[in-house]
Amino acid sequence: MFVPESPKDAIRLQKELAGKVVICPLPANFRFLGASDLGYFSLPAGDRGKDRFCVAVILVFDWPDLNLVDEASHVASVTFPYVPGLLSFREVPAMLEAWRKLCIKPDVFLCDGQGIAHPRGIGLASHLGVILDIPTVGCAKKRLCGTHDELPLQKGSRTPLFFQGRQVGVVYRSRTGVKPLYISPGHRADIDSSVKVVEKCIGKYRIPEPLRQAHRRAADLTRKAKLFRSSEILC
DNA sequence: GCGACAG
DNA sequence: ATCTTGTCGC
């Protein structure tokens, strides 16, 4: 039951995995930070026009300089539908394949999605962290669940994100006037150290630099993969 | 029953 | 996420 057949099975598995999530400070010192993202594409009209694929990308940077030191990617077919709260079942499989291809395994991993700021306490970052048993941090561009006070427009401002009476993360304004980020621990991380890592990754833009670069790489590879597979079908 | 709803 | 052109603003 590694890959659930239905959303119902997925939720059952989530509740099981949620019990394995560990909340503790991230390593005080570490050498490599990983960041991942996915791109999706479908083939042009035709018999297989509805097939969906995804490209998972993982970038590894040295810390705290953030120079790119390794990279891996993997193309796979999408096997699970997008359901809010079940995103990890769509993205984790391809991510694990990309992880296998890395030469340098990062010490801390940044994910494009929620950590424990999730209805069942196990968003994408937590799920991946538990499966690989590595420290992960969730950094989402939108809120999935929870409530919070209004946030000042100045960059650097933050406010706790609460869910069911307890703090699950932080809403963080990475740049003045932009929409905030939703930061929460994934696995083997806590709220404070998660925010600190993300904070140190903010460059000139809203999205932390490692995730931003992973996103660009994923977009590039997705475009290439689509062209390649399209031309293969024509032959 | 009516909204909300990561990517 | 993805499909898509121009366009308002710093």
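Chain identifiers are assigned alphabetically (A, B, ...) following the order of the sequence lines, protein sequences preceding nucleic acid strands; residue numbering begins at 1 within each chain. Just so it is clear, the structure is predicted and the values come from calculations on it, not from any experiment.
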Rounded distance in Å - [atom1] ([X]) to [atom2] ([N]):
X: A/F163; N: B/dC5; atom1: CZ; atom2: C1'; value: 12 Å
X: A/F41; N: B/dG7; atom1: CZ; atom2: P; value: 21 Å
X: A/L144; N: B/dG3; atom1: CG; atom2: P; value: 20 Å
X: A/R223; N: C/dC3; atom1: CZ; atom2: C1'; value: 15 Å
X: A/L124; N: C/dA1; atom1: CG; atom2: P; value: 13 Å
X: A/I122; N: B/dA6; atom1: CD1; atom2: C1'; value: 14 Å
X: A/L161; N: B/dA6; atom1: CG; atom2: C1'; value: 12 Å
X: A/L87; N: B/dG7; atom1: CG; atom2: P; value: 8 Å

message: Taking NZ in A/K20 as the centre, count heavy atoms belonging to other residues, nucleotides or ligands within less than 6.0 Å. Is the count above 12?
response: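 It does not: A/K20 NZ has 12 such atoms or fewer within range.
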message: Taking CG in A/N67 as the centre, count heavy atoms belonging to other residues, nucleotides or ligands within less than 6.0 Å. Is the count above 12?
response: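 Buried by this count: over 12 neighbours within 6.0 Å.
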query: Between B/dA4 and A/R143, is there an OP1 or OP2 to side-chain N/O distance shorter than 4.0 Å?
result: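 No, no such contact exists.
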field: Below 4.0 Å: OP1/OP2 of B/dG7 and any side-chain N or O of A/K141
entry: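 Yes, within the criterion.
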NA contact type, [X], heavy-atom cut-off 4.0 Å: base, sugar-phosphate, or nothing?
X: A/R90; value: base
X: A/L86; value: base
X: A/G138; value: nothing

- prompt: Can A/Y182 be classed as stacking with the base of B/dA6, given a centroid separation cut-off of 5.5 Å and a plane angle cut-off of 30°?
  reply: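 So no, this residue does not stack on that base, at least one cut-off failing.
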Just compare [options] and give me whichever is closest to any side-chain atom of [X].
X: A/Y40; options: B/dA6, C/dA1, B/dA4; value: C/dA1
X: A/H215; options: B/dA6, B/dC5, C/dA1; value: C/dA1
X: A/K226; options: C/dC3, B/dG7, B/dC5; value: C/dC3
X: A/H118; options: B/dG7, B/dC5, B/dA6; value: B/dA6

field: Donor + acceptor pair across side chains of A/E91, A/Y40 (<3.5 Å)
entry: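 The criterion, which ignores hydrogens and geometry beyond distance, is satisfied for A/Y40 and A/E91.
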query: A/H215 and A/D112: side-chain donor and acceptor closer than 3.5 Å?
result: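 A/D112 and A/H215 do not have a side-chain donor-acceptor pair below 3.5 Å.
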query: Taking the six-membered ring for Trp, is the centroid-to-centroid distance between A/H127 and A/F89 below 6.0 Å?
result: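 Between A/H127 and A/F89, the centre distance is under 6.0 Å.
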